[in-house]
Amino acid sequence: MMVTIKNGHLIDPSQGIDCLCDIIIENGKISGIQQLEPKDKGHSARDKVRGGKGETVIDAEGRLVIPGLIDMHVHLREPGFEYKETIQTGTAAAARGGVTSVCCMPNTSPVNDNAVTTAFILARTRETASCDVFPIGAITKGQKGEELAEMGIMREAGCIAFSDDGRPVMDSLLMRRALEYSKILDVPVIAHCEDLTLAAGGVMNEGLLSVTMGLRGIPPQAEEIMIGRDIALAELTGGRLHIAHVSTKGSVELLRQAKQRGIARVTAETCPHYFHITEEEVRGYNTNAKVNPPLRTRQDVEAIREGLRDGTIDVIATDHAPHHADEKRSEFDNAPSGISGLETLIGLSMKLVDDGVLNLSGLIEKMTAAPARILGLKDKGCLRPGSDADLVILGTKNEYTVNPEGFVSKGKNSPFAGWLLHRAPAVTIAQGRIYRWD
Ligand code: DOR
C-alpha cells in the first residue's frame with residue numbers, strides 16, 4: 001500500500017529538515033522524501049493531491065508534519081490494573097495524542113520483572129495496540145529493591161530499558177550492579193529518584209503551602225540526594241543512567257554539572273506538568289494535581305524550562321499515569337499519584353514554543369530523535385527513507401479546550417481541564433496505519 005503526504009511543512013530534527021516536502025510511504029516504511037521548490041509554495045494543492053490507483057493521498061498543505069512521538073515514560077497498567085488502562089486504550093490514547101511509540105513502565109501486576117510478562121505485553125500489543133509498545137523491565141524482582149531481576153534475559157525478550165519507576169532503588173549496591181549491567185547490555189537504567197526515608201510518606205511539595213494545608217511535604221532534596229547518588233554511581237560504573245521526571249531546580253543544577261564534567265553518561269527527562277504548573281494546583285485538595293514527584297514552585301518551573309532550553313534536560317515524556325475516577329475521588333492523603341498525559345502532550349509542549357523557551361525543531365527533537373537515541377530505537381523518531389512510517393500531521397491553529405472527560409484514555413485524571421491549547425494532531429500514522437481526527 002502506498003500513501004503520499006503532499007505539501008506538508010516537514011520538521012525532522014534528526015535530519016535537520018525544516019521545509020516543504022512530499023512524503024511517500026510504502027508498506028509501512030518511509031520510501032522517499034521530496035523537497036518542494038519554494039515556487040511550489042502556494043500552488044493550488046487541489047490538482048496535486050489526486051492519487052493514482054491503490055494510492056492514498058493526504059493533503060497536508062499549510063500543516064506541520066513531524067515524526068511520530070516517542071513517549072519513553074508511560075504506564076499502560078496491563079497486566080493487572082485493566083480498570084485503569086489497557087494496552088488497547090492506552091495506545092489508542094497515544095495515537096490520539098500523536099505518540100506512535102510507547103515505552104511502558106513495569107509497575108503492573110504481576111510486575112514486568114521476567115521474560116514471560118514481557119512476552120505477554122508484546123503479544124497483547126500485537127493483538128490490540130494502535131501503535132508500537134516497547135516494554136521497560138523492572139530493575140529488581142517485584143520492584144521490591146532487594147534482588148536484581150534477570151535483566152539479560154528480559155533484554156533478549158524485548159525490554160529496551162530498566163526501571164523500578166514508582167519506587168526508587170534505595171540500595172546503592174543494587175543500583176551499582178544495575179548500572180554495571182546497563183553498560184554490558186547497552187540499555188539505559190531509568191531512575192525514579194526519591195529518597196524514601198526523607199520523603200517520609202509525604203504527599204505534596206514541602207513548604208508553607210503543605211504546612212497551611214496540613215499535608216505532609218516532600219522536600220526537593222528527596223529527589224536531589226538520589227540524583228546525586230545515581231550520578232556518582234554512573235561515574236563509578238560507566239553505566240547508562242537516565243533520570244525520570246525531573247521536578248526541581250536543584251536536580252537541574254546537578255544534571256548540568258554532571259554533563260559539564262562530561263564524566264557520567266547521564267540523560268534526563270521532564271514532563272509537561274513540571275514545566276507548566278506548581279504546587280498551587282493542589283490547593284483545594286485537588287487530587288488530579290497529586291503526582292510523584294510532586295508539583296513544585298514557580299522557581300522550579302523556571303529552572304526546568306531553562307534546563308530544557310540549554311540541553312540539560314534531553315527529553316519530554318508524559319509519565320502518563322491513568323487512575324480510576326473513584327480512586328482519585330478519595331481524600332488527598334490516600335489518592336494515588338499520577339496524571340493522564342498522553343492526549344495533552346503536544347498541546348502543552350507546543351506552549352514552550354509560544355513562550356520562547358524552545359524553537360519548533362528543538363522541541364520536537366526532545367520527543368523524537370532524543371528518546372530514539374537514548375533507547376537505541378533506530379527506525380523511530382525520524383523520517384529517513386527506510387525508517388518506520390510513524391508520523392503526525394498537526395492542525396494549524398485549531399484551538400481546543402482540554403476536556404479530560406473526552407479523553408480516549410480510561411484515565412480522566414488531568415489538572416489541565418479547561419486549558420486552551422492548539423495544534424492538536426489532525427492525522428497520526430503509525431507504521432503506515434492512518435488515524436484521522438479531523
Ligand atoms: O505520579 C506517579 N504515578 N509517579 C510515579 O512515579 C508512578 C505513577 C503511577 O504508576 O501511577
Side-chain angles (χ1 to χ4, degrees), residues 71-87 89-90 93 102-113 121 135-140 142-145 161-170 189-196 199 201-205 215 218 222-223 226-227 230 242-248 251 268-274 276-277 279 281-282 286-296 317-330 332-342 344-345 409-416:
D71 188 346
M72 64 182 291
H73 194 141
V74 174
H75 298 272
L76 286 177
R77 307 296 193 207
E78 188 177 354
F81 301 108
E82 289 83 356
Y83 70 97
K84 295 179 195 253
E85 192 81 288
T86 63
I87 290 171
T89 58
V102 167
C103 304
C104 62
M105 286 295 175
N107 59 342
T108 47
S109 179
V111 168
N112 182 17
D113 62 2
I121 292 167
I136 298 170
I139 298 171
T140 66
Q143 294 191 289
K144 291 201 173 92
F162 291 90
S163 180
D164 270 4
D165 185 65
R167 297 184 56 79
V169 177
M170 286 296 288
V189 161
I190 304 175
H192 171 113
C193 290
E194 178 183 7
D195 182 328
L196 289 178
V203 294
M204 70 173 289
N205 185 48
L215 293 173
I218 304 174
E223 176 172 311
M226 292 297 263
I227 292 187
D230 287 351
H242 178 80
I243 306 292
H245 43 49
V246 172
S247 77
T248 81
S251 301
E269 76 191 26
T270 192
C271 318
H273 37 280
Y274 300 120
H276 277 311
I277 52 179
E279 60 179 3
E281 298 295 316
V282 171
N286 175 11
T287 57
N288 283 332
K290 183 177 178 186
V291 65
N292 184 19
L295 300 173
R296 306 283 186 180
T318 58
D319 193 0
H320 177 75
H323 291 291
H324 195 279
D326 289 348
E327 299 172 303
K328 280 287 193 182
R329 240 176 247 129
S330 64
F332 198 90
D333 275 327
N334 290 330
S337 297
I339 289 172
S340 179
L342 281 165
T344 47
L345 172 63
S409 166
K410 286 191 187 183
K412 317 295 182 195
N413 45 308
S414 169
F416 294 104

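Whatever order the structure lists them in is the order used to number ligands and atoms, beginning at 1. Each residue takes its place number in the sequence, starting with 1.
In this pair, H245 and H73 present their aromatic rings tilted. The plane angle is within the 30 to 60° band.
Partners of H323 according to the ring-ring contact (aromatic ring centres under 6.0 Å, His included) rule, which considers only residues two or more places apart in sequence or in another chain, do not exist here. Residues satisfying the side chain to side chain donor-acceptor pair (under 3.5 Å) test with T140, not counting sequence neighbours, are D164. Judged as a side chain to side chain donor-acceptor pair (under 3.5 Å), and not counting sequence neighbours, the contacts of T86 are T89.
Near ligand 1, H75, R77, N107, D165, G166, H192, H245, V291, N292, D319, A321, H323, S337, G338 each place a heavy atom less than 4.0 angstrom from the ligand.
No side-chain N or O of T248 forms a donor-acceptor pair with one of R296 less than 3.5 Å apart. Side-chain atoms of H320 and D71 form no donor-acceptor pair, as typed in the model, at a separation below 3.5 Å.
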